[in-house]
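Below is one structure; the comments refer to it alone.
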Amino acid sequence: MPLAQLLSGPVDVAARGLLGCVLSAHGVTVRLTEVEAYDGVGLDAASHAHRGRTPRNAVMFGRAGLAYVYFTYGMHWCLNVVCGEDGEASAVLLRAGSIVDGLELARSRRPSATDRDLARGPARLTQALAITGAQNGTDLLAKDSAVRLRPADPGTDHGSVEVRSGPRVGVVGEAQREWRFWLAGEPSVSTYRAAVVRRQRG
DNA sequence: TGATGGATTACA
DNA sequence: GTAATCCATCAA
C-alpha cells in the first residue's frame with residue numbers, strides 16, 4: 001500500500017505501518033522503531049488538536065504526510081506525521097529510530113550519546129536529524145523535501161518483526177490508550193516512563 | 001496580562 | 001530524584 005494511502009486511514013493503523021519506514025533529513029537517515037498515535041478533534045484528550053484548531057496545531061488539520069513539529073519543555077522539538085483525511089487533525093508522534101545512514105553526522109550532533117541512544121526518544125530523534133520548527137509543515141512525502149519519509153525497504157524482511165503496543169508516554173487518566181507502538185527487540189526503543197506529577201515551583 | 005504546566009532530557 | 005527553560009493556551 002502506498003504511504004499516502006496508509007497515512008490517510010485510521011491513525012492507529014497508520015502508526016503501526018510507520019514502524020520500519022525510513023526518515024531522512026539533513027544527511028541522517030533513521031529506521032522508525034517507536035511511534036505514538038493521537039486522534040483528532042474531540043476524540044482524544046491527549047492530542048494537541050483535541051480542543052480544535054489553534055496557531056500551533058494548524059498543520060495537523062492539513063493533509064496526511066505533512067510534518068507537525070512542536071516545541072516543548074522550553075528546549076525540545078518533537079516531530080509528528082499528520083494523518084487522516086484533510087481536516088481530521090490526527091497525527092503520529094515519531095518517538096525513536098535507529099540510525100541507518102549518516103552515523104558520523106548523528107554522532108556529531110549528539111556527542112555525549114551512545115549509538116543506541118542517538119535517536120532513542122522523540123527529542124533525541126529530532127536532534128540527530130537536525131529537525132526544528134523550521135520544518136513545520138514540510139511535506140514528508142515530496143521528493144524534494146528536506147525531510148523525507150519512505151516506505152520500509154522491500155528488500156528487508158519485516159514480516160517476521162513483531163509489533164508491540166502499550167500506554168502512551170506522558171499521558172494520564174482517561175485519555176490513556178494503548179497507542180504507543182514499537183518493534184519488539186529493538187535497542188533504540190525508549191524506556192517507558194510513567195507521567196510524574198509536576199514538582200512545586202519556587 | 002498573568003498563571004500554568006508540558007507528547008522531554010540530562011545529570012546527581 | 002529534579003533542574004533546565006520557552007511558550008501555547010486559558011482564565012480573567
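Reminder, nothing fancy here: chain letters follow the sequence lines and each chain counts from 1.
The nucleotide C:dT5 finds no pairing partner, because no Watson-Crick or G-U wobble arrangement with both distances shorter than 3.5 Å includes it. Base pairing of B:dA7: no nucleotide in any strand meets the Watson-Crick or G-U wobble criterion (both distances under 3.5 Å).
If you measure from atom CZ of A:R120 to atom P of B:dA10, you get 11 Å, rounded to the nearest angstrom. If you take CH2 of A:W77 and P of C:dC6, they are 12 Å apart, rounded to a whole angstrom. Between the CG atom of A:D117 and the C1' atom of B:dT8 there is a distance of 14 Å, given to the nearest Å. Regarding A:E178, its CD atom lies at a distance of 19 Å from the P atom of B:dA7, rounded to whole Å. Atom CZ of A:R168 and atom C1' of B:dG6 are 15 Å apart (whole Å). The distance between atom CZ of A:F71 and atom P of C:dT9, rounded to the nearest whole Å, is 14 Å. The interatomic distance linking A:H50 (NE2) with B:dA7 (P) rounds to 14 Å, in whole Å. In this structure, A:L93 atom CG and B:dG6 atom P are separated by 16 Å, rounded to whole Å.
Residue contacts for A:T54: at a heavy-atom cut-off of 4.0 Å it reaches the sugar-phosphate backbone alone, with no base atom in range. Within the nucleic acid shown, A:R180 has no heavy atom closer than 4.0 Å to any nucleic acid atom. As judged by a 4.0 angstrom heavy-atom cut-off over every strand, A:A46 is placed among the base-contacting residues.
Of the candidates C:dT9, B:dT8, C:dA4, C:dA4 carries the atom nearest the A:M75 side chain, counting heavy atoms from C-beta on. Of the listed nucleotides (B:dT9, B:dA7, C:dT9), B:dT9 has the atom at the smallest distance from the side chain of A:H76. The listed nucleotides are B:dT8, C:dT9, B:dA10; the one nearest the side chain of A:R124 is B:dA10.
Between A:R180 and A:D12 there is no salt bridge, since none of the side-chain N atoms of the basic residue sits less than 4.0 Å from a carboxylate O of the acidic one. A salt bridge between A:R107 and A:D115 is present, with a side-chain N of the basic residue lying under 4.0 Å from a carboxylate O of the acidic one. In this structure, A:R168 does not pair ionically with A:E178, as no charged nitrogen and carboxylate oxygen lie closer than 4.0 Å.
Both A:V13 and A:L183 belong to a common hydrophobic cluster when Ile, Leu, Val, Met, Phe, Trp and Tyr are linked at side-chain heavy-atom distances under 4.5 angstrom.
Below the 3.5 angstrom threshold, one finds a donor paired with an acceptor across the side chain of A:H48 and the base of B:dA7.
Proximity of A:R51 to the phosphate of C:dA8: no side-chain N or O atom is located under 4.0 Å from OP1 or OP2. In terms of phosphate contacts, A:R56 brings a side-chain nitrogen or oxygen within less than 4.0 Å of OP1 or OP2 of C:dT9.
Considering every non-hydrogen atom in both A:C21 and A:P151, the closest pair reads SG-CA, 4.0 Å.
C:dT2 sits 16 Å from B:dG5 when the C1' atoms are compared, rounded to a whole Å.
Between A:D101 and A:V28, every side-chain heavy-atom pair lies at or beyond the 4.5 Å cut-off.
Taking a centre distance below 5.5 Å and an interplanar angle below 30 degrees as the stacking criterion, A:Y70 does not stack against the six-membered base ring of B:dA7.
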